[in-house]
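Remember, it's 1-based here, ligands and their atoms both numbered in the order they're listed.
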Amino acid sequence: MNYKKDEVTNLLNTKCMNVFGCSIDDATEKQAYKTLCYVVKDLLAEKRSKFAKQYKEKEGKQVYYMSMEFLVGTSLRNNLYNLGMESVFKSALKQKKIDINSLYAMEPDAGLGNGGLGRLASCYMDAMTSLGMMGTGFSIRYEFGIFKQKIVDGWQMEFPDNWLEMGDVWLNRREDESFIIKFGGTLKEEWTDGKLKVTHENYQPVMAVPYDMYISGYDTDAVNKLVLWSAKSPNNLDMTAFSRGEYVRSLEENTMAEVISKILYPADDHIEGKRLRIKQQYLLVSASLQSILLKHIKKYKTLDNLPDKVAIHINDTHPALCVPELTRILIDEYGYDWDKAWDIVTRTLTYTNHTVMSEALERWPESLFSAELPRIYQIVLEINRRLVQKLNEVYPGDIAKIEYMSPVAHGEVRMANLCLAACHKVNGVSKLHSDILINSIFKDYYNIEPDKFTNVTNGIAYRRWLCQSNPELASLIKNLIGDKFVHDATALEGLLKYKGDKNVLESLQKIKLVKKQALAKYISHANGINVDPSSIFDVQIKRLHEYKRQLLNVLQILHMYNVIKDNPNADITPRTFVFAAKASAGYMMAKQIIRLISAVADLVDSDAAVRDKIKVVFIEDYKVSLAEIIIPAAEISEQISIAGKEASGTGNMKLMINGAVTLGTLDGANVEICEQVGKDNIFLFGMTAPEVEELWRKGYNPNFFVTPELKRVLDMLTSGILGTRFEDISKSLLTNSFGTADAYMTIADFESYRQAQERVGKEYLNRDKFTDMSLVNIAKAGIFSADRAVKEYADNIWNIKL
Ligand code: 6GP
């Protein structure tokens, strides 16, 4: 958008006067921040209205992206950047003696997600918008997003994240577009004219109120919306009840309804089968579908063409209730018969799986499901009945297989099977992951409908992760290869011609140093620890989960500690190990691992012989805005999950595009990163996914893999040297019975990891060679852009022409 400085000043003044009754000169910092956000929101609203009008006339197909999570992070800088107005606002504010950076710093992260899948959803909203697509995200307006983490004496403590206080500036409430959602109750069945009519009675109504958040894209006419539903009681204050003394009870009912959208469940890659969670899921699904269909019918006067005009995407199984709910609405509210309704449902819905971890495969006890959602349950049973009938023809008599594939079996409703039965496209999120899906957990479905399955390797909103988080690097790249890469990430390959160019390598090193200094400053402020910016910054930042193997990293650090203790003059390249990770609140082993990291940090720091060679830092409260500080400073990107378990990873891509070299297993998208950069530009170690499988088959006994060095490290866990004795961790690695010891094969991969870490230390000494590796990583990161991924979704999954 083209605005001059004076015009921007005018906008700010007028808005400030309207909202706060003073000019921007007299505003407090908080008022200035809110004014700026409101002005930006108005600009987006104006663009949105033009875009929506154009799109309506075109009658183009649109995407609805249903996700229980969107990890938005901050929006202000991103919106200004996307509108191309950062510098004009900066100078207008500067004239008023306001530093735009201090306003940026006031914005809380919208942390409406746990990690991978939620951040991916936000990256895809950015890409859909930048590509000019009409894409709407649907989720929940959690009053409290992902908890704030503090580490107290090594323990993770969780505190509520009251993000709305400053974050609600971006939201537009649209009360008049609310919908009623029905929970519980009973069903009345009547046959009239040979047709069964089901009426849902005695239910508890909850109102779903939408809040819109605009999503901007880079250099595009499009502005999209993220619609967040909030639960509200539909009962107004009942004065009769009040006079009967039942006021408190009626208020209690209100509160119960409103609890639904209070808080994000803080668990990723595993489920919590709680009543409130299923209510959240149904609120999201039912409200969104009612709104989509109402809009569609207004425009086209029919729902027959829904699959031609609308793609509804199910982001992991959390919104899988879309399957029965869409069927229900078509039948109960729009009078379709089963076959026609099911045809529309199956041609409209698509599904992405984000994990193979069995504890994440959502299942609900039938008793809970049927009590909360009686009509939906009835529909699920009918879907199941018809499916089983069909499967009996394909696999006659193979009861075990049919049961395995059924949405309802053994007293449970299984959400993944519901998606597999209904969605016309199903995808994994990296080549390896998609292969694992069709060769193992979804194999039986794949065998009957192979064309349904496809892969879209994840991608990132690289303009946020490179251009905005690391403007220094972006500007160097622009100077070298021009600015085509800002639109088309594959243009980054142009950097390859600077391989071995001394000047360029020096500039890259200088920029890395600046970003490392910035992170060092943050660490000194946040942790009170001084780290040396000339040491290697070795970074593992992601959720804490055993399969991600932060533990492997820590064990190797203890080994380095021993090497230095044995020989204080050992040739060890100084290293700063940075961790940041939230553990799901009830995940005890993950919390123990955080405690171990803190204990190792203390041990290393308390030892004069070691502290100059290694530092261990656990930065609290990992979130999008913190990642934006850590990632540009990273030199080694730890992606060390047990092969076969990390579906893709996206941090690996963000780190790569900022020049960090991956130290990783051949897992998830690491495989494709390796394909891109070649084996010389990545530090690989460990077993491959088939080797892991093979070892399980043969029978894995970790004790056979314990080397003398590792034995020494493992003994330290329980010797008391760490202050605390980490018996649980030690046991989980070595002595669990029933063959479950070391379920993530940390011990089997240790030696190979140790050697890889040794290589890292050595190769870093040749700074130009290492920087060359870094350059290749930046140059080859283009394929991992969300623009590419979303184009693939449009082509292969949503059937949308761009
Ligand atoms: C994550 C996967 O663990 C990660 O590998 C992937 O990159 C990301 O999804 C995006 O695809 N999974 C989740 O966040 C999750 O909750 C149920 O899966």
Side-chain angles (χ1 to χ4, degrees), residues 65-71 111-125 127 139 146 264-273 277 281 313-320 351-363 415-416 419 426-434 436-437 441 455-461 465 540-550 581-584 587 590 622 624 627 637-656 662 664-673 689 744 784 786 789-790 792-793:
Y65 199 89
M66 311 282 261
S67 180
M68 286 288 283
E69 305 191 5
F70 281 86
L71 202 43
L112 310 182
N114 275 287
L117 138 179
R119 182 54 227 171
L120 188 81
S122 280
C123 283
Y124 285 178
M125 286 305 298
S139 193
I146 183 73
L264 165 84
Y265 274 91
D268 73 334
D269 284 311
H270 81 106
I271 50 160
E272 276 204 69
R277 171 80 173 171
Q281 296 186 347
H313 197 75
I314 301 178
N315 197 29
D316 216 86
T317 54
H318 318 149
Y351 155 63
T352 299
N353 169 283
H354 292 272
T355 186
V356 296
M357 302 294 292
S358 57
E359 63 263 41
L361 285 182
E362 282 195 300
R363 348 164 149 252
M415 306 314 266
C419 293
V426 173
N427 73 291
V429 290
S430 72
K431 281 186 201 161
L432 176 67
H433 170 60
S434 295
I436 291 174
L437 290 182
I441 57 174
N455 170 249
V456 180
T457 298
N458 282 344
I460 56 166
W465 294 104
Q540 188 171 19
I541 45 173
K542 47 183 80 247
R543 282 298 285 241
L544 215 140
H545 206 297
E546 283 161 283
Y547 84 80
K548 296 180 189 278
R549 298 200 298 194
Q550 280 93 351
K582 285 180 183 173
S584 176
Y587 188 173
Y622 186 52
V624 175
S637 156
E638 299 261 2
Q639 308 300 335
I640 60 179
S641 51
I642 176 175
K645 285 284 187 269
E646 186 70 88
S648 162
T650 49
N652 44 6
M653 302 166 185
K654 293 164 198 165
L655 284 154
M656 169 191 195
T662 304
T665 47
L666 280 173
D667 198 13
N670 297 353
V671 177
E672 288 153 82
I673 290 179
Y744 302 99
F784 301 110
V790 163
E792 287 180 19
Y793 275 96

Which heavy-atom pair separates [X] from [Y] by the least distance, and what is that distance?
X	Y	answer
Gln540	Gln550	OE1-CA, 3.5 Å
Asp316	Thr355	OD1-N, 4.1 Å
Cys123	Ala786	O-CB, 3.8 Å
Ala581	Tyr622	N-CB, 3.9 Å

For [X], the ligand 1 atoms whose distance to one of its heavy atoms is below 4.0 Å:
X	result
Asp316	17 (C)
Gly116	8 (C), 9 (O), 10 (C), 14 (O)
Ala647	5 (O)
Thr355	17 (C), 18 (O)
Tyr547	3 (O)

Nearest non-hydrogen contact with [atom] belongs to which option: [options]?
atom	options	result
atom 1 (C) of ligand 1	His354, Glu359, His433, His545	His354
atom 6 (C) of ligand 1	Gly428, Gly649, Ala669	Gly649
atom 4 (C) of ligand 1	Glu646, Met653, His318	Glu646

Are Thr665 and Asn670 packed together at the side-chain level, in the sense that at least one heavy-atom pair is separated by less than 4.5 angstrom?
yes
Given 3.5 Å as the limit, does a donor-acceptor pair link the side chain of Glu69 with the main chain of Asn114, or not?
yes
Is it true that a side-chain atom of Tyr587 and a backbone atom of Glu546 form a donor plus acceptor pair closer than 3.5 Å?
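Yes: the side chain of Tyr587 pairs with the backbone of Glu546.
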For Leu117, is at least one N or O under 3.5 Å away from an N or O on ligand 1?
yes
Select one of side chain, backbone, both or neither to describe which atoms of Val429 lie under 4.0 Å from any atom of ligand 1, heavy atoms only.
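Val429 to ligand 1: side-chain contact only, backbone stays beyond 4.0 Å.
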Which segment of Asn458 sits under 4.0 Å of ligand 1 when only heavy atoms are counted:
side chain
Would you say the side chains of Asn315 and Thr352 form a donor-acceptor pair under 3.5 Å?
no
